[in-house]
Each structure stands twice: as C-alpha cells, then as structure tokens.
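See below for the structure under consideration.
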Amino acid sequence: MANKSVIKNVNEHVGESVVIGCWVNNKRSSGKIQFLQLRDGTGYIQGVVVKSEVPEQVWDDAKSLTQESSLYVTGIIREEPRSQSGYEMTVTGIEVLHLTENYPITPKEHGVDFLMDHRHLWLRSSKQRAVLVIRAEIIRAIQQFFNENGFTKVDPPILTPTSAEGTTNLFHTKYFDEDAYLTQSGQLYMEAAAMALGRVYSFGPTFRAEKSKTRRHLIEFWMIEPEMAFTDHEESLKVQENFISFIVQSVLTNCRAELEAVGRDVSKLENIKAPFPRITYDDAIKFLNDNGHEIAWGDDFGAPHETAIAEANDKPVFITHYPASFKAFYMKPHPERPEVVLCADMIAPEGYGEIIGGSQRIDDPELLEQRFKEHNLSMDTYKWYMDLRTYGSVPHSGFGLGLERTVAWICGLDHVRETIPFPRTLYRLYP
C-alpha cells in the first residue's frame, strides 16, 4: 500500500509509490499521455498519465479532471531534471473527490477588483501562495529573532479606552456603557510590560480609521512592537537594523523558490545587512531642497520625499531626530536640542516607505505631565501610564514594525493588499 505524502517531501520517496491529496492547477494532453499540473499547498508537481500503462478507468478519470478539481493521486516518484521541482510522478491511480465546473479564475487576465472579489480563490494562485509562504517565513524569523535576543512575547489588549498617540483615526465601539476603540498600537501597554520583564514584544492586529487609498495603507494590519527597558535611542537603532537584516536573510535562505515565483530580484535583498545608513531630519531637509523638492524645516515627509531619500541608498535608511511638533507626545527630546526628539523612521529601499518607527520614550514624570497638557490629554485616562514614571522610571526605547509593508518590500509587490490573506481597505470588507 502506498504511503501518503505531500509534494514538498517527494524527494524522500524517489522510486516509491505515494498517495497525495491535491488539486488540479492545470492540465494538457498529448494524444495518449496526459500531463496533470498538481498542487497541494506545499508545492507543485507534474503527474504523467500514460494510457497504455493504467486501467481504462484511471485514464477516463484523468480526462474528466478540470481546473481546481480535487483528488487523491497515486503514483511513483521519479527524478526529472527538466521539472521546476526536480521531480515528477508517474500516475498509477486516481480517486476523484470533486469535479469543479466553471472555476471563475482562469489563466487569462483578470482585473484587480474581480480578483479581490474572489480573494478566497485567488489565494490558490502560485504568486499569491508564494506571498503567503514568504509572509509566514517573515513571521517565523521575527519570533526567532526575539526569542534568541531575550525578548518575551506579551499580548496587549485590542479594545482600549483611548488612543495610543492622541489621534482621532480610531474605530469607535461601545464597551457596555463606556466608549472603547479598536487598538491603534499596543505600545503604551508594552512599556508597562517592559517594566516587568525587561525586553518584550507584541505581535497583533491594529486598526487605523484613515480614509486612505494609497498602495501603502490598510485599515487592518499587523504590528510588531518591541519595548526595551534600560535602552537608549542609539541601542534601539542597532537592534532595529540587526532585526531587519535577520528577517531578510532568513527569507533568502528559506524562500528562494517563492521569491522566484513572485519575480523578486533577490540581488537587491542580498545586500540588506547591518549597519544601515542614517540621515538626520535636518540633513534630509537640505538633501531634498538640493534635489528639487520644496520642503521647509518643520514639515513632515510625504511618500515622494521618503522615496527620494531611499533612492540615494541601497539599504534601508534611518531618518533621525524629527521635530517634536509633529511627533507623538511620549518621545524623549534631544537633551541639547529640545525642539527635536530621539526618534527614527526606517525607510525601506525601492519606494516602499516607512517600515519601522521608533523612539526613546520620555522617562521624566514632570516632562510627561507637561506633554499631557500640551496635547490636551486627560490625566485621568493616562494615570496608569504616568505610574510607569512615578514608580521606578528608567530610560527605555521601542519601535513598531508594520508587517504588511515589510512583506510588500521583501516580495517586491506594488500594493500591500496582496500581503495579507483578506485585506481590509477603504472600500473593501468582502470577502
């Protein structure tokens, strides 16, 4: 009796008969031979059905198969250098599970709206599958990096009583008789966790009620937010660049075939190794003005500005020491220049924009209380956050990585909507 296998592991069964549960990705016929392009989620393999070598029923079952029909296929695995996987299956038996009729996504071109309406089926395509495999590898590498560097995973709440950054782009709901919001960031809670555990990180969904339609934005996305006690701004930057280097090199090591499937130029990723270049906000303003961009000191950067700075480098670049005027209330001022804060945004190459934002946090309780007043934040709402400075305050820093932008950059995708299984965008809540 044939052993069950998955396509990914057929290299362990050369010369053996195996059974694989799979779907028909495509099919072609050459007279008395049928070629079945099969997929099972772990990979792809060609099944060859030779009419003279199988019972008539097996031949007829193979002929009946249509795109995305499901089956158990039995056959002998053999090496085939001409195959993309290096292996092929000589089919000896077929058990049809379900014959599909009129599968909506055919090999022809389809519009993005059509594909997004059929996202539940589009995921089966080779490129979309590869993106999700790469996403999973990025997640695995993130967790490995933190596990190996002394971080403890902590899960902040998704329902919160207020904004983490004092903004109004929040999804409002009722928490029984109280107002509540879907989390925009877990950072404040991670600061509390860092005071208990030293080095922590969160990994969870976040929500931004921004009516943005750009290729970089999603309404629901996943954030990784580390926080580190007894860590200053400079130490945090080193963690960040080592973190991104580790992720990229892990994907290169473990997902070569998937990077090829999405058409990624891996040479651009092979260079992503720490240290990364840095430019201060002051120097970035000068650079932009010298290169045809009109922008004044005190203005925030838009996508064209970030792209121009990124294009001057072949690695991610840190932009540091932004003006305090448009940054979050909790960022620590530069000790010699209080008009700027100890923060940095990491800008990905190739026009993918900010993938990390981070800062050293204010640890002086008097200054934090002053910031509450300047930003009209309720002391009652943030009393617990003030307690972190009242009882054993220490220098601490942290950052947030947007998972989907990171996936888009590493995969070389035009839009973040392909980086998450079921994207939530301004006009899309289905499927």
Side-chain angles (χ1 to χ4, degrees), residues 41 105 110-143 145 182-185 202-210 212-225 243-244 246-252 254-266 268-269 272 303 306-307 310 316 345-357 399-431:
I105 301 177
H110 294 283
V112 170
D113 282 341
F114 176 89
L115 291 170
M116 292 306 297
D117 285 340
H118 294 83
R119 181 64 172 165
H120 50 296
L121 302 177
W122 190 24
L123 292 177
R124 303 180 184 188
S125 71
S126 58
K127 180 182 176 184
Q128 299 304 312
R129 173 200 169 272
V131 171
L132 293 186
V133 170
I134 293 168
R135 178 188 171 103
E137 173 59 23
I138 291 170
I139 291 170
R140 189 207 61 77
I142 287 169
Q143 294 172 326
F145 177 86
L182 294 183
T183 183
Q184 191 183 44
S185 166
S202 66
F203 197 139
T206 52
F207 308 85
R208 302 282 169 97
E210 297 176 10
S212 174
K213 295 184 287 186
T214 80
R215 66 188 181 90
R216 296 180 178 182
H217 284 85
L218 291 168
I219 303 298
E220 175 187 304
F221 57 99
W222 287 68
M223 284 279 285
I224 297 88
E225 296 182 282
F243 176 50
I244 293 299
F246 184 84
I247 292 170
V248 172
Q249 295 307 315
S250 292
V251 173
L252 284 169
N254 298 316
C255 293
R256 284 277 175 170
E258 286 76 18
L259 289 169
E260 185 178 324
V262 300
R264 187 56 159 124
D265 180 355
V266 295
K268 293 183 177 180
L269 297 177
I272 309 300
E306 291 178 347
T307 299
D345 289 346
M346 185 190 290
I347 310 302
E350 304 170 73
Y352 283 92
E354 177 194 337
I355 54 173
I356 286 182
F399 60 93
L401 171 78
L403 177 62
E404 284 72 24
R405 283 193 189 179
T406 304
V407 175
W409 162 50
I410 290 176
C411 290
L413 302 175
D414 291 333
H415 202 296
V416 291
R417 65 187 162 218
E418 293 184 48
T419 64
I420 190 168
F422 295 97
R424 296 295 176 245
T425 58
L426 183 55
Y427 298 118
R428 183 167 294 282
L429 194 58
Y430 174 93

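Hydrogens, waters and symmetry mates play no part in the numbers below; they use all other heavy atoms, side chains included.
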Nearest heavy atoms of [X] and [Y], plus distance in Å:
| X | Y | value |
| --- | --- | --- |
| Ala408 | Val416 | CB-CG1, 4.1 Å |
| Gly351 | Thr307 | CA-OG1, 3.8 Å |
| Pro349 | Pro316 | CG-N, 3.7 Å |
| Gly400 | Glu225 | CA-CG, 4.1 Å |

So does Asp265 have more than 12 non-hydrogen atoms from other groups sitting under 6.0 Å from CG?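 Counting other residues, nucleotides and ligands, CG of Asp265 exceeds 12 neighbours.
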So for atom CD, which belongs to Glu210, do other residues, nucleotides or ligands contribute more than 12 heavy atoms lying within a distance under 6.0 Å?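 Atom CD in Glu210 is crowded, with more than 12 foreign heavy atoms closer than 6.0 Å.
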About how many Å separate [atom2] of [Y] and [atom1] of [X], when rounded to the nearest 0.5 Å?
| X | Y | atom1 | atom2 | value |
| --- | --- | --- | --- | --- |
| Ile247 | Ile355 | CD1 | CD1 | 8.0 Å |
| Leu123 | Phe422 | CG | CZ | 5.0 Å |
| Asn254 | Ile134 | CG | CD1 | 11.0 Å |
| Ile219 | Thr425 | CD1 | OG1 | 7.0 Å |

Arg264/Glu350 under salt bridge (charged side-chain N to carboxylate O under 4.0 Å, His left out): CA gap, chis, key distance, verdict: CA-CA 12 Å; Arg264 187 56 159 124; Glu350 304 170 73; 2.8 Å; yes
Are the side chain of [X] and the backbone of [Y] linked by a donor-acceptor contact shorter than 3.5 Å?
| X | Y | answer |
| --- | --- | --- |
| Tyr352 | Ile410 | no |
| Thr206 | Phe221 | yes |
| Arg119 | Leu115 | no |
| His217 | Lys213 | no |
| Glu258 | Val131 | no |
| Arg216 | Arg405 | no |

Student check: side-chain heavy atoms of [X] and [Y] closer than 4.5 Å:
| X | Y | result |
| --- | --- | --- |
| Arg129 | Arg124 | no |
| Ile244 | Trp409 | yes |
| Ser250 | Glu137 | yes |
| Pro421 | Leu132 | yes |
| Leu269 | Leu259 | yes |
| Met223 | Thr183 | no |
| Arg135 | Leu403 | yes |
| Leu218 | Ile420 | yes |

Keeping to residues at least two apart or across chains, list the salt bridge (Lys or Arg N to Asp or Glu O under 4.0 Å) pairs with something in residues 417-431.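 Non-adjacent pairs meeting salt bridge (Lys or Arg N to Asp or Glu O under 4.0 Å): Asp117-Arg428, Lys127-Glu418.
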Check against side-chain contact (heavy atoms from CB on, under 4.5 Å), Val133 and Cys255: CA-CA 8 Å; Val133 170; Cys255 293; 4.3 Å; yes
Indicate the ring-plane relationship of Phe243 and Phe399, choosing parallel, tilted or perpendicular according to the 30° and 60° boundaries.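 Phe243 and Phe399: tilted rings.
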Decide side-chain contact (heavy atoms from CB on, under 4.5 Å) for Thr406 and Trp222; before the verdict, give the C-alpha distance in whole Å, the side-chain angles of both, and the deciding distance to 0.1 Å. CA-CA 11 Å; Thr406 304; Trp222 287 68; over 6 Å; no
